[in-house]
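Single-structure report; data block below.
So you know, we letter chains A, B, ... as the sequences are listed, proteins then strands, and number each from 1.
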Amino acid sequence: MKILVTVKRVADYNVKVYPKADGSDVEIANVKMSMNPFDEIAVEEAVRLKESGNATEIIAASIGVSQCQEVLRTALAMGADRAILVETGAAPEPLAVAKLLKALVEREQPDLVILGKQAIDGDCNQTGQMLAALLGWGQGAFASKLTLGEQETEVTREIDGGLETLILKLPAVVTADLRLNEPRYVKLPNIIKAKKKLLTTLSPGDLDTVLAAQLTTLKVAEPPKREAGIKVADAAELVAKLRNDVKVI
Amino acid sequence: MKNILVIAEHDHATLKTATLNTVSAAQSIGGEIHILVAGNNCAGAAAASARIPGIAKVLQADAGHYAHHLAEDLAVLIAGLAKDYSHVLAPATTFGKNLMPRVAALLDVTQLSDIVGVESTDTFVRPIYAGSLLATVQCSAPIKVITVRSTAFAAAASEGGTAPVETVPAAAPLGVARFARQELTQSERPELTAARIVVSGGRGMGSGEGFKLLEDIADQLGAAVGASRAAVDAGFAPNDYQIGQTGKIIAPELYIAAGISGAIQHLAGMKDSKIIVAINKDEEAPIFQIADYGIVGDLFKVLPELFAELDKLPPA
Ligand SMILES: Cc1cc2nc3c(=O)[nH]c(=O)nc-3n(C[C@H](O)[C@H](O)[C@H](O)COP(=O)(O)OP(=O)(O)OC[C@H]3O[C@@H](n4cnc5c(N)ncnc54)[C@H](O)[C@@H]3O)c2cc1C
C-alpha cells in the first residue's frame, strides 16, 4: 500500500504575525517558518502505518515556493521515502492545491492520501475535502483514529457532539486532527539520511494543471484589541462584581 | 442577483441553532433565501425551517442515505441544486466544514471558510492565523460557497414564518463511505456553542477529578463546561469540550477560565466572550491580558470558594 502525505510550509505556530504596513496582506518576510502542525501529524500517521507493516511506500508532497523543500526534508527525516515539490509562486488557493494533488494522485496512484485538516495560516480547512471530491473518493475529515483494512479504512472523526466513525472504501482521503497521534522528534542521523532521499521538483505545467485564482485579498488588519481588566482579591469580590457591576449572573 | 441557498444543519426533527445564525448572515448579503433540509424523515426540520420569518422556500430532500449527513452524498445533491443560486451558505461547524469544500470542488469554485462579516455580495471578512488577523477578501467565483461563523451573526428569529416546503429528489448515493457508529457526549448541561455561561478548565485542573470542581460550578450557574486542548489531550475532558482555533468557537456572556494559560490558539475560540474571568496561579499568564476580572491564586482553593459564594447568592 502506497500513501501520499501532504505538507505545507507556514509561519511557525509560536510566532505572532502582523499585517503589512499598508494593510494589503500578512507580513511573513523574516518570520520563522515550519511545517504546518497538522501536517506533522499526517506524516507521523503515514510513518506509523509503514512501521506497522500496513504501508510500503510514503510519498510526501508540498505545493508552494522553493523553500518548501525544507518541510519536505523534515517529512523525509520523519520517515517518508521520497518527496515531490510542485513549485508555484505565492500560496495557491485550496482548490488549486487540490487540483495539483489530484494530478499527483493520478501519477502516483496511492491507496490513501493523508493531509492535515487545516493549515494554521489561512485556517481554511478545505483542501482534503476538495481533493476527495475531485477524485470521487470518500473522506475521513478531522480524523482522531485510523484503522486500515485491505479494501476499506475505518476512520473516527472529531465532530461537534463527540466522535463519529465512518468506513471508507479505499482509495480514500483522510485529514488529520490533533489527537490522531503525537508526532515524533526527528533525530539527527535521520536528518542526515533524509538529505540523500529523492526530492523531485515539478511545475504545475508538468501536471497539466492551470491555477486560477478566485479570491483577492483587499485588506488584512488586526481585530479590535481587548483591554485587560482588573484583578480581584477573592471569589467573594468576583461574585459581587459579576452580580452587581456587569450583571451576568 | 440570484437567490441564496442556506444548508440547514439539523437532527432531522429539529434545526441546530447555527442554522439560524447562517440565515442571519444570508440576510445581510440580501436577496431571496431558500433553505435546504436534506435528511431522513426530516419533515420536522423542514417545518422548523419554514417557520423562520422571511424565508421564501424550503427544499426538502428525504432519503435513507442522508440519515448520517455524509458529505460524500450531500455534496452531490447540493452541487446539483447550487447552479440556480448566487450563494450557498452553511454553518462553520464540523458539519459545514466537512461538507462545503466538497460542494465547492464539485462546482469548480473556491470556498470561503468561517466568515465573520459581510461587506457586499462578493466581499467578506474572515479570520486567519488563529483569529490574530482579519482578512477582507473579494470572491469572483460565479457561486459563492461559504461557511459562517455563528458567533459573528445573531441568530435569526425562529418563529412566525410560513414558507412553502417543496420536495426535491435525492441524488444517487456515491457509495464510497458509510456510517459505522457515533459516540456522542451525553450531558444535561446546555450545548457549549449555545450556552450563556461557560466554565472552562485547562492543564492546571490536574486531572479529570479536578474537572468535577468546574462541573459543580457550571451546574450552579446553568453553564456549559469547556476545556483547553491541553486538558483534552490529557484526558481530563472529552474532545468536543475543546475551545479554540481547532475546537469550538464560542462567545458566551460569561467565560470563566481556570488553569488555562491563554495561548493564542485557545483565545481564538473565546476572546469574543462578553465578560472573561481568569483564575490562574501565575500572574504573568497571558489570559490576564484579555480577562475582565482576574484572580491570581490556586484554583483548588479559589474554585471551592467560588462554589460557596455562588451557593450563598440569592436568586437574581
Ligand atoms: C495547531 C495547534 C492548534 C491548537 N489548537 C488549540 C485549540 O483549539 N484550543 C486550545 O485550547 N489549544 C490549542 N492549541 C494548544 C495551545 O497552543 C496551548 O498549548 C494550550 O491551549 C494550552 O492549554 P492550557 O492553557 O490548558 O495549558 P498550559 O499552557 O500548560 O497552562 C496551564 C495553566 O494553568 C496554570 N495552573 C497550573 N496549576 C494551577 C493551579 N493549581 N491553580 C491555578 N492555575 C494553575 C498555569 O499557571 C498555566 O497558566 C493548539 C496548538 C497547536 C499547535
Side-chain angles (χ1 to χ4, degrees), chain A residues 16-17 19 26 93-95 98 118 120-126 129-130 132-134 136-139 141-142 144 154 158-169 178-179 214-223 226 228-232 234-236 238-239 241-243 246 248-249, chain B residues 71-72 75 93-94 97-98 101-102 104-106 109-111 113-114 123 127-141 176-185 221 229 233 238-240 246 253-254 271 275 277 288-296 302 305-306 309-310 313:
Chain A
K16 170 139 180 57
V17 290
V26 184
E93 288 168 20
L95 181 63
Q118 75 192 63
I120 58 164
D121 48 3
D123 280 336
C124 285
N125 193 336
Q126 298 173 3
Q129 296 90 310
M130 287 181 159
L134 297 176
W137 293 4
Q139 66 187 49
F142 331 141
S144 63
E154 193 180 276
E158 297 207 359
I159 59 169
D160 287 335
L163 297 170
E164 175 185 84
T165 303
L166 299 180
I167 294 167
L168 308 176
K169 274 196 186 149
L178 292 172
R179 278 168 284 275
Q214 293 181 325
L215 294 177
T216 315
T217 300
L218 303 180
K219 191 173 100 182
V220 170
E222 286 189 277
R226 241 193 125 101
I230 57 164
K231 298 265 166 44
V232 293
D234 54 24
L238 175 67
V239 168
K241 297 267 186 221
L242 294 178
R243 167 60 65 93
V246 288
V248 290
I249 60 170
Chain B
E72 291 83 347
T93 52
T94 51
K97 289 177 180 174
N98 186 36
R102 190 151 184 131
L106 294 180
V109 295
T110 196
Q111 197 239 298
S113 296
D114 240 333
T123 304
I128 54 175
Y129 289 89
S132 54
L133 297 173
L134 292 173
T136 305
V137 284
Q138 189 170 29
C139 176
S140 66
V176 291
R178 62 180 199 278
F179 173 84
R181 62 188 173 272
Q182 238 172 19
E183 296 144 60
L184 300 186
T185 305
L221 293 169
R229 173 192 173 180
D233 284 0
N239 68 281
D240 54 299
T246 54
E253 283 186 41
L254 174 61
K271 69 176 156 55
I275 299 291
V277 171
F288 287 124
Q289 288 164 22
I290 63 151
D292 299 280
Y293 299 110
I295 300 185
V296 180
V302 176
E305 283 169 8
L306 181 58
E309 289 296 329
L310 289 170
L313 199 66

Scan the side chains in residues 131-138 of chain B for donor-acceptor partners under 3.5 Å anywhere in the protein, sequence neighbours excluded, and list what turns up.
| residue | atom | partner | partner atom | Å |
| --- | --- | --- | --- | --- |
| B:S132 | OG | B:Y129 | O | 2.6 |
| B:Q138 | NE2 | B:D122 | OD2 | 3.2 |

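Residue A:Q118 touches chain B through its side chain alone, counting heavy-atom pairs closer than 4.5 Å. With a 4.5 Å cut-off on non-hydrogen atoms, B:L184 touches chain A through its backbone and its side chain both. Using a 4.5 Å cut-off between heavy atoms, A:A236 touches chain B through backbone and side chain atoms alike. Of the two parts of A:E93, only the side chain, counted from C-beta on, holds a non-hydrogen atom closer than 4.5 Å to a non-hydrogen atom of chain B. For chain B, no part of A:P94 is nearby; none of its heavy atoms comes within less than 4.5 Å. Only the side chain of B:V277 comes within contact range of chain A, judged by heavy atoms closer than 4.5 Å. In this structure, the portions of B:I275 lying under 4.5 Å from any heavy atom of chain A include both its backbone and its side chain.
Once rounded to the nearest 0.5 Å, the distance linking CG of B:D240 with OG1 of B:T94 reads 9.5 Å.
Between the side chain of B:T185 and the backbone N or O of A:G162, no donor-acceptor pair lies under 3.5 Å. Using modelled atom types, no side-chain atom of A:Q126 and backbone atom of A:L95 make a donor-acceptor pair closer than 3.5 Å. Looking only at distances, no side-chain donor or acceptor of B:D292 sits under 3.5 Å from a matching main-chain atom of A:G229.
In terms of non-hydrogen atom pairs under 4.5 Å with chain B, the most contact-rich of A:V26, A:D234, A:L134 is A:V26. Contact count versus chain A (heavy atoms, under 4.5 Å) is highest, among B:N239, B:L313, B:L310, B:I290, for B:N239. Among B:D233, B:V109, B:T93, the residue with the largest count of heavy-atom pairs under 4.5 Å with chain A is B:V109. Interface remark: of the candidates B:L106, B:N98, B:L306, B:N98 forms the most heavy-atom pairs closer than 4.5 Å to chain A. Taking chain B as the reference chain and counting heavy-atom pairs below 4.5 Å, the highest number among A:G138, A:G161, A:A228 is found for A:G161. Each of A:A141, A:P19, A:A98, A:A132 has some count of heavy-atom pairs under 4.5 Å with chain B, and the biggest count is that of A:A132. Interface summary for chain A: among B:Q111, B:K97, B:R181, the most heavy-atom pairs under 4.5 angstrom belong to B:R181. When the candidates A:V17, A:D121, A:L238, A:I159 are compared by the number of heavy-atom contacts under 4.5 Å with chain B, A:D121 comes out ahead. Contact count against chain A (heavy-atom pairs under 4.5 Å) is highest for B:L254 among B:L221, B:L254, B:V296. Across A:Q129, A:Q214, A:K219, A:K169, the residue that shares the most heavy-atom pairs under 4.5 angstrom with chain B is A:Q214.
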Practice problem: Run the numbers on A:L163 and A:E158 for side chain to side chain contact (heavy atoms under 4.5 Å, CB included), then give the verdict. | Solution: CA-CA 5 Å; A:L163 297 170; A:E158 297 207 359; 4.1 Å; yes
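The nearest pair of heavy atoms linking A:V232 to B:Y293 is CG1-CD2, 4.1 Å. Minimum heavy-atom separation, B:A75 to B:R102: CB-CG, 3.5 Å. Across all non-hydrogen atoms, the minimal contact from A:Q139 to B:E72 is N-OE2, 2.7 Å.
For the pair A:R243 and B:E309, the salt-bridge criterion is not met [side-chain N within less than 4.0 Å of a carboxylate O].
Considering only residues two or more places apart in sequence or on other chains, A:T165 meets the side-chain hydrogen bond (donor to acceptor under 3.5 Å, both in side chains) condition with A:T156.
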